[in-house]
There are 4 protein chains.
Amino acid sequence: MTSFSDITGRLERLAIEVPSWAYGNSGTRFKVFGSPGTPRTVQEKVADAAKVHELTGLAPTVALHIPWDLVDDFKELATYAGDLGVGLGTINSNTFQDDDYKLGSLTNADSAIRAKAVQHNLDCIEVMGQTGSRDLKIWLADGTNYPGQADMRARQDWLAEGLSTIYDQLGEDQRLVLEYKFFEPAFYHTDVPDWGTSLVQCLALGERAVVCLDTGHHAPGTNIEFIVMQLLRLGKLGSFDFNSRFYADDDLIVGAADPFQLFRIITEVVRGGGLDDDSDVALMLDQCHNVEDKIPGQIRSVLNVQEMVARALLLDTAALDAARTEGDVLAANQVFMDAFYTDVRADLAGWREERGLPGDPMAAYRASGHQARLAEERVGGHQAGWN
Amino acid sequence: MTSFSDITGRLERLAIEVPSWAYGNSGTRFKVFGSPGTPRTVQEKVADAAKVHELTGLAPTVALHIPWDLVDDFKELATYAGDLGVGLGTINSNTFQDDDYKLGSLTNADSAIRAKAVQHNLDCIEVMGQTGSRDLKIWLADGTNYPGQADMRARQDWLAEGLSTIYDQLGEDQRLVLEYKFFEPAFYHTDVPDWGTSLVQCLALGERAVVCLDTGHHAPGTNIEFIVMQLLRLGKLGSFDFNSRFYADDDLIVGAADPFQLFRIITEVVRGGGLDDDSDVALMLDQCHNVEDKIPGQIRSVLNVQEMVARALLLDTAALDAARTEGDVLAANQVFMDAFYTDVRADLAGWREERGLPGDPMAAYRASGHQARLAEERVGGHQAGWN
Amino acid sequence: MTSFSDITGRLERLAIEVPSWAYGNSGTRFKVFGSPGTPRTVQEKVADAAKVHELTGLAPTVALHIPWDLVDDFKELATYAGDLGVGLGTINSNTFQDDDYKLGSLTNADSAIRAKAVQHNLDCIEVMGQTGSRDLKIWLADGTNYPGQADMRARQDWLAEGLSTIYDQLGEDQRLVLEYKFFEPAFYHTDVPDWGTSLVQCLALGERAVVCLDTGHHAPGTNIEFIVMQLLRLGKLGSFDFNSRFYADDDLIVGAADPFQLFRIITEVVRGGGLDDDSDVALMLDQCHNVEDKIPGQIRSVLNVQEMVARALLLDTAALDAARTEGDVLAANQVFMDAFYTDVRADLAGWREERGLPGDPMAAYRASGHQARLAEERVGGHQAGWN
Amino acid sequence: MTSFSDITGRLERLAIEVPSWAYGNSGTRFKVFGSPGTPRTVQEKVADAAKVHELTGLAPTVALHIPWDLVDDFKELATYAGDLGVGLGTINSNTFQDDDYKLGSLTNADSAIRAKAVQHNLDCIEVMGQTGSRDLKIWLADGTNYPGQADMRARQDWLAEGLSTIYDQLGEDQRLVLEYKFFEPAFYHTDVPDWGTSLVQCLALGERAVVCLDTGHHAPGTNIEFIVMQLLRLGKLGSFDFNSRFYADDDLIVGAADPFQLFRIITEVVRGGGLDDDSDVALMLDQCHNVEDKIPGQIRSVLNVQEMVARALLLDTAALDAARTEGDVLAANQVFMDAFYTDVRADLAGWREERGLPGDPMAAYRASGHQARLAEERVGGHQAGWN
């Protein structure tokens, strides 16, 4: 039996990257609701991210989205972030909001548009040089809405070509992380719909091309932890985009929709070495806070991941192996569920306090009056959002 | 065997209502692409709808959305539409884009917001008086994103209360049509998620409360034609919102994603009397044209419905009944598929030409130069969209 | 805040009906695996059910399936069961395994087959007279595999007719419980696919016709707790068939696939009065144990329900209401999750021991050697299964 | 524009392999219905397959399933088949119906069981030597029902090991074809759930290991034609198992559930060279006929494939390319739909008659009295089925 004291070492090293865009407004195609205190600038987003780290100790880096987070001087931004106690992380390119990309970016039938999309990614690599980021994350909105609309095969080849040009410009310590998504915004086909496609594109590129698994980007019923296991087995899991969903890519708080699924996923991450010291797997959030407050929404999210990591680390693997070897289905399942049902909240609160963090970061944030202060201070300007 | 000449009488009476909002810009949460020639005003939307009717003879009325289509003088708008050859149809209320409705409208825990949502619907009934519309269509974005967020049971009762107040204000020839939707924009629960909920709310209201079936608002795998059958059997099918989907509420052109499903649905409409002379079932489109042109997108859509109605009317019901009575599964299926696989396009083209309509409305529109003219004329102003 | 001692009264009254068929062999269309010690007779099934009750105190009744559990003298069987400490419960009719029912039973196009299916249900009512059962549960395998195969509308009317004849024969204290199922064994349409259809059929019958909700019989993504809420609100929830699923009707141990979903369901049961003293809602299991042992599989299942009922009863409803009234989404969700994450296992073990039950029924069963004894004793004969 | 006469050459070469097991009884876990005239022996199954080929000219080979189709002398069986005008095709191994395989075969935690499963496949390679078969098709029922039940990662490695031993025994002209399946009979995880897993296992084996795509083995909403495109692009599409589905792995007649999907799939097969002279892609059926007659069910199936191939070959690719290049979404979709809506049935009937085949094979079979003759002749013995 593993006890809480056995796992604190590994908990210590847990780091979750938060996305700058989680602090801006977001919503659905029907309505984006604004809220008082929403950041107007990249700096304000970074400050919000720093607040999450300050209260939890879990979120030392912020991912940026280009061009949403474009600034003249990224070194200055890095310094600003550093002063607040956080670093700049993954650079996300955006080739889905320019009018040219209506029918695709890296897969557009028009070679000039493909070239433009490639160039945008090369620009992002420039940014990475300044921010010191390791990862260029590419998510494509490319796809089609109607059967027959485009030549899926040709697009796959164009994609390979474009990615190859981008990959060639990466530094030796940099990686290209290719995200896949089942559907949306395209409704008939997407050009990187599944882990298989992301993998074969990455294999064609080389060692530093790896897959990003967004937990909300799968078909209904998909066993996501299996994919986690397989990508770790193949050494090709680059990063996670954590969030949760009931239906489509709902981008809800991680662990909110199906906490047991999150447990199973984290369990496979542990099993596959994804939390080991030498692991290259980046743990990131990619969520929206449409109706809830954003900073506490992010606090809740990193806490959810931490709690589930604790439960996964408490799994009695010796007992599990014994039951599996005996073929005792019920015993194996019980060992597994025992870890999940263990209430780690009090232990984690104590552990936080030992480290000078608030035992209950949600309550601490609420009590701090920070949100009201932001609402007062951040008046005027244009609230950040998805465009 | 039924031949094409046997069905022209029923085809003659086919009428499909088009939505004003289909002519404005739409998109996904990621991006709304604009396009040259998009209407800036309600009048321009009505003109576009009239063009669809002019070329197809299939779309004699336009549905309006309040407040998107709010004008000072609806009688004037009706006259304007009439001069263009079309009428004003269903009035759709909108209680999802005001900041107050972030956590619900008719189901909000705040009684003042519920009252406001009721009042908006009463205002819509006022509009109906001026436009001469029969139907008030209510689709609610109400729902929650997180388990525990709200009291689903209380909300159901509040919904009943609000609908009742609205229903009481309807004129004797007016109807309340309640739409249901599986998910989106809410991601954990929606307050009217399925036909069962819409039905029980309508039954509690009275005879003039009926269900609206949007073909894109169901769980994956749902047998929609069964629901059509059941609602017709119960006399409670008020209207259709036609569109098609592969994944969620994609709002693609009707018949584009699964033409055979559309055939099965129309077949049940015919079977249940939904196309009979005395039928009250309203056939409407509710679609988006995110990447394709809007006017020809609507032309394509009404033609798709017409073609499928023709195929359904050609079904050899005598042969089908015989096979069913014998329990000959393969024979019954073959009779059914034979109707679906019948190519009705040439017959329909000829029939159109007999009526002074273009045989190929899509080609006629393309050849007319209308789209280019609109692009030249409609410069400046604010293109209509979902907000 | 509610503490464990506050909820023991309600836990005391928790009773879960187990199905006789859970103790027989089951499997998939690919293979039914046998196992040593499987019952050969109804009596042996009842004895296995009694063992579950003996160790858990949770399962005082056994549901029977006719004709699988047909005996000459049901009064004798009731006495036998009583001597073992359990009672006979719901009677389930079976109109899906006779060759006549290949194309339907109560909905068959052949009136003679419909009459036969009605008669079988009347025979089941006879049995109920002898066993003292309150509920006749009807699940129909009726449906079709191919579009066009049958007249869905006519079948719905035949269904209404047949159910009416059956309903008329019920005693005043007896109920007809109509189960619905999304698909399987029929693959194109089922005649009672959803709660809406079950409800409208029940409404047409009368007050003593109520709906059975099997937790595995819904489309992917369906919010089941919403349906629970709605049926309780309408006074039409007759019973549960508990089990869990990842994909189709997997019939796994309840709570195994998505424990949080089970929590949400039970929470709505409590909210809607389904666990109140005067509640008529029957809680039953309907599961298969394809690869795991059957008696401990049932023990695990009733414990899972009990644990989740405890968590649901611990929900701090005052705090929840306050957060909901304030519209504090994150606070409401946290109150909800706090109940779910509460570890009730030790408290329940202590509570069991106070009542003379084993603290850990799974361990007690394993230690008892009962399974090995059954394997030795139950040699020869024909192991019970689904046919 | 392509006309029917342009495509007859390619139609000529169309060959569809039928499965021996389609002629035996099949069903669901609830019931397997028998039917008069069902084969009792492998020879009778082959004779039924030959009848399908005799009437359609489309089904020159029969796939065998070991041990279901085990005979003492396969050369004799091959001669028998040849005399009836058909050949023996793919050999399917079966490691899912022996009691040992309850918890897995090639992935079982017990090395002795893994060795047994490997040996069974080696035995199948022996059979291939006698039948002259090119392909060993491996579908595994391996998987688990409960989270935690087994070590998914270890199983993946055991799978790789076992497949490698099998692969090494293949002759130079033989292939290992690895099928994947989303779920069933396992309900939590399957060891080869998706094309990605099948692909990475095949890539590790070598060139003669290729993927089998069963059209019913995907998550809801999966864009199957995309996978077809990708596997053809990678040179790794070994074979198809054609069938259709509404929900799970329904194994309905190919083209029955979603004919437009079949069209899109075949269109990608043509686009990717899968119907070219030098193509290695095997087109097979894998279906059940639970409620319909088996021989005409297979006739219907091969006709459905043929009709859809004709429509796909009629696609005006020049017009399509032009529309795609212009980015004209509606025009491209219309060209695509025009091919789908073309009624090829009369042309195909004429073409069949030119070749001495019945114009309407379904009618010819019905008129022949063959089914009644079989029912008379095949009395006694044990009807073939899935076990």
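The sequence lines fix the lettering, A, B, ..., with proteins before strands; numbering per chain opens at 1. Since we're looking at a predicted model, the values are computed, not measured.
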Kindly indicate whether the side chain of [X], heavy atoms from C-beta on, has any atom under 4.5 Å from the side chain of [Y].
{"X": "Ile224(C)", "Y": "Leu213(C)", "answer": "yes"}
{"X": "His189(B)", "Y": "Arg155(B)", "answer": "yes"}
{"X": "Phe226(C)", "Y": "Met152(B)", "answer": "yes"}
{"X": "Asp214(C)", "Y": "Trp139(C)", "answer": "no"}
{"X": "Val228(C)", "Y": "Leu237(C)", "answer": "yes"}

Identify the heavy atoms of [X] and [Y] that sit nearest to each other, and give their distance.
{"X": "Val118(C)", "Y": "Gly162(C)", "result": "CG2-CA, 3.8 Å"}
{"X": "Ser239(C)", "Y": "Val281(C)", "result": "CA-CG1, 4.4 Å"}
{"X": "Leu232(B)", "Y": "Arg153(C)", "result": "C-NH1, 4.1 Å"}
{"X": "Ala150(B)", "Y": "Thr144(B)", "result": "CB-CG2, 3.6 Å"}
{"X": "Pro193(B)", "Y": "Thr197(B)", "result": "CD-OG1, 3.8 Å"}
{"X": "Ala160(B)", "Y": "Leu205(B)", "result": "O-CD2, 4.5 Å"}

I'd like to verify something: which residue of Phe182(C), Trp195(C), Tyr146(C) has the highest number of heavy-atom pairs under 4.5 Å with chain B?
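Most heavy-atom pairs under 4.5 Å with chain B: Trp195(C).
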Looking only at Leu199(C), Asn145(C), Ile227(C), Thr222(C), the option with the highest number of non-hydrogen pairs under 4.5 Å against chain B is Thr222(C)
Are Tyr167(C) and Gln201(C) linked by a side-chain donor-acceptor pair shorter than 3.5 Å? no
Would Trp158(C) and Asp191(C) count as having a side-chain donor-acceptor pair, cut-off 3.5 Å?
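No.
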Review point. If you tally heavy-atom pairs under 4.5 Å against chain C, which of Gly221(B), Pro147(B), Ala323(B), Gly196(B) wins?
Key: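 Top option by heavy-atom pairs under 4.5 Å: Pro147(B).
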*Under a 4.5 Å heavy-atom cutoff, which of Leu203(B), Asn223(B), Leu103(B) has the most pairs with chain C?*
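Counting heavy-atom pairs under 4.5 Å, the top option is Asn223(B).
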Exercise. Do the ring planes of Phe240(B) and Phe242(B) sit parallel (below 30°), tilted (30 to 60°) or perpendicular (above 60°)?
Worked result: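 Rings of Phe240(B) and Phe242(B): parallel, under 30°.
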Considering only NZ, NE, NH1 and NH2 on the basic side and carboxylate oxygens on the acidic side, decide whether Asp157(C) and Arg233(B) come within less than 4.0 Å.
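Yes, Asp157(C) and Arg233(B) are salt-bridged.
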Query - SB check Asp249(C) Lys181(C) (cutoff 4.0 Å) - result: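 Here Asp249(C) pairs with Lys181(C) in a salt bridge, since their nearest N and O are under 4.0 Å apart.
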Which of Asp100(C), Asp98(C), Thr95(C) passes side chain to side chain donor-acceptor pair (under 3.5 Å) with Ser105(C)? It is Thr95(C)
Task: Tyr180(B)-His218(B) aromatic ring centre distance below 6.0 Å - done: yes
Honestly, the part of Gln230(C) sitting under 4.5 Å from a heavy atom of chain B is side chain
- request: Side chain from CB out, backbone as N, CA, C, O: work out which of these in Thr190(C) comes under 4.5 Å of a heavy atom of chain B, or both, or neither.
  value: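 Just its backbone gets close to chain B.
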Query raised in the report: Which of residues 259-273 of chain B have a heavy atom under 4.5 Å from any heavy atom of chain C?
Result: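 Checking residues 259-273 of chain B against chain C gives Phe260(B), Arg264(B), Glu268(B), Arg271(B), Gly272(B).
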Under a 4.5 Å heavy-atom criterion, the part of residues 324-343 of chain B in contact with chain C comprises Arg324(B), Gly327(B), Val329(B), Ala332(B), Asn333(B), Phe336(B)
One should read off an interatomic distance between Arg10(B) CZ and Leu275(B) CG, to the nearest 0.5 angstrom, of 6.0 Å
Residues of residues 311-320 of chain C with a heavy atom under 4.5 Å from any heavy atom of chain B, in residue-number order, are Leu320(C)
Ordered numerically, the heavy-atom neighbours of chain B under 4.5 Å found in residues 106-117 of chain C are Ala109(C)
